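Quick caveat: nothing in here was measured; it's all calculated off a predicted structure.
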There are 2 protein chains.
Amino acid sequence: MTAAQRRELEKIQFDAYLAECKSRELLETLSSKWVALVLSALREKGALRYSEIARTIAGASQKMLTQTLRALERDGLVSREVEPTVPVSVTYELTPLGDSLSGLVLSVKAWAEANMVDVMVARAEYDDRT
Amino acid sequence: MTAAQRRELEKIQFDAYLAECKSRELLETLSSKWVALVLSALREKGALRYSEIARTIAGASQKMLTQTLRALERDGLVSREVEPTVPVSVTYELTPLGDSLSGLVLSVKAWAEANMVDVMVARAEYDDRT
DNA sequence: CGGCATCCGTACGGATACTG
DNA sequence: CAGTATCCGTACGGATGCCG
């Protein structure tokens with residue numbers, strides 16, 4: 001992609017409220033629990049090996065983990081480094097772009113943990129009313 | 001729920017990295033494009049009627065809209081007010097709890113719109129490499 | 001160790017029709 | 001207007017097995 005092509009794209013105003021807009025699709029991929037957990041883990045712990053991510057995020061199948069990491073790598077949010085040891089060692093790290101997003105999703109994760117009680121109370125009241 | 005029961009819950013440390021933790025489940029529901037778009041719309045535009053939300057979020061089926069709004073209402077993030085006119089008019093508004101979250105998800109939506117070009121460039125490069 | 005390929009059930013979500 | 005109910009296809013994601 002040339003700089004001229006990029007400047008053309010910069011002119012576009014993206015709006016996730018529009019169904020056909022590419023930013024809607026991007027928001028969609030970012031709105032995944034696995035994305036949120038992976039970005040949070042990499043932000044909180046720095047560079048991590050594949051197995052360390054798997055251990056951090058309990059219950060994530062390696063299919064979802066790999067799929068999520070590939071998508072994040074493709075979108076330029078995470079870098080993947082392979083060290084040709086035996087057996088091979090793979091390390092993932094946030095890119096500057098990914099770093100600028102990870103703070104936001106980490107705050108959402110932190111909100112969920114901090115306000116869990118309020119939500120549980122609200123649910124109990126709602127279920128009582130109905 | 002009594003105040004004593006609530007105090008018991010307050011003691012719990014929630015951790016979304018744990019598969020069985022309720023906060024993981026909450027993060028999961030928050031990690032939905034529809035939740036992000038609805039909370040963003042209500043934050044940006046204030047109280048909205050059902051049809052206004054539907055118009056704002058293009059391409060959202062009324063099934064998903066209703067389902068999302070019910071879930072948000074149950075979790076205490078959104079309040080629902082029915083005015084008994086003919087035909088009936090229903091208004092949705094962020095609760096203080098919902099307001100405290102909506103800023104975070106709106107920032108994620110804004111990030112997606114602002115960094116769409118960077119992501120598209122990264123994707124093009126990735127697809128070239130592979 | 002860090003994957004990829006395949007199979008397969010379920011549940012997410014769209015389309016349609018009907019109601020207070 | 002603001003829903004509810006039902007049907008139904010698809011695609012998300014888990015389980016398993018194999019590989020460099």
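B:Arg55 and B:Glu52 are not joined by a salt bridge, as no carboxylate oxygen comes within less than 4.0 angstrom of a charged side-chain nitrogen. Ionic pairing of B:Arg6 and B:Glu10 is present here: one or more N-O contacts between side-chain nitrogen and carboxylate oxygen are shorter than 4.0 angstrom. A salt bridge is defined here as a Lys NZ or Arg NE, NH1 or NH2 lying under 4.0 Å from an Asp or Glu carboxylate O, and B:Lys109 with B:Glu113 meets this definition.
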Working for side chain to side chain contact (heavy atoms under 4.5 Å, CB included), residues B:Leu39 and B:Leu101:
CA-CA 8 Å; B:Leu39 291 181; B:Leu101 173 64; 3.7 Å; yes
As a quick check of understanding, evaluate side chain to side chain contact (heavy atoms under 4.5 Å, CB included) for A:Val90 and A:Arg80, giving each step before the final call.
CA-CA 7 Å; A:Val90 181; A:Arg80 176 174 181 269; 3.9 Å; yes
Please walk me through it: do B:Leu37 and A:Leu27 pass side chain to side chain contact (heavy atoms under 4.5 Å, CB included)?
CA-CA 9 Å; B:Leu37 291 171; A:Leu27 180 61; 3.7 Å; yes
Starting from the C-alpha separation in whole Å, work towards a yes-or-no answer on side chain to side chain contact (heavy atoms under 4.5 Å, CB included) for A:Thr29 and A:Leu26.
CA-CA 5 Å; A:Thr29 69; A:Leu26 177 59; 3.9 Å; yes
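Between the CD atom of B:Gln67 and the P atom of D:dT6 there is a distance of 15 Å, rounded to whole Å. B:Leu65 places its CG atom 17 Å from the P atom of C:dC12, with the value rounded to the nearest Å.
Contacts of residues 22-37 of chain A with DNA chain C (heavy atom under 4.0 Å): none.
Heavy-atom neighbours of A:Gln13 CD from other residues, nucleotides or ligands within 6.0 Å: at or below the threshold of 12.
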Atom pairs, N/O to N/O, protein against nucleotides 1-5 of chain D, distance under 3.5 Å?
unit_1 : atom_1 : unit_2  : atom_2 : d
D:dC1  : O3'    : B:Arg49 : NH2    : 3.1
D:dA2  : OP1    : B:Arg49 : NE     : 3.1
D:dA2  : OP1    : B:Arg49 : NH2    : 3.3
D:dA2  : OP2    : B:Ser51 : N      : 2.9
D:dA2  : OP2    : B:Ser51 : OG     : 2.8
D:dG3  : OP1    : B:Arg70 : NH2    : 2.8
D:dG3  : OP1    : B:Arg80 : NE     : 3.2
D:dG3  : OP1    : B:Arg80 : NH2    : 2.6
D:dG3  : OP1    : B:Tyr92 : OH     : 3.4
D:dG3  : OP2    : B:Tyr92 : OH     : 2.6
D:dT4  : O4     : B:Gln62 : NE2    : 3.3

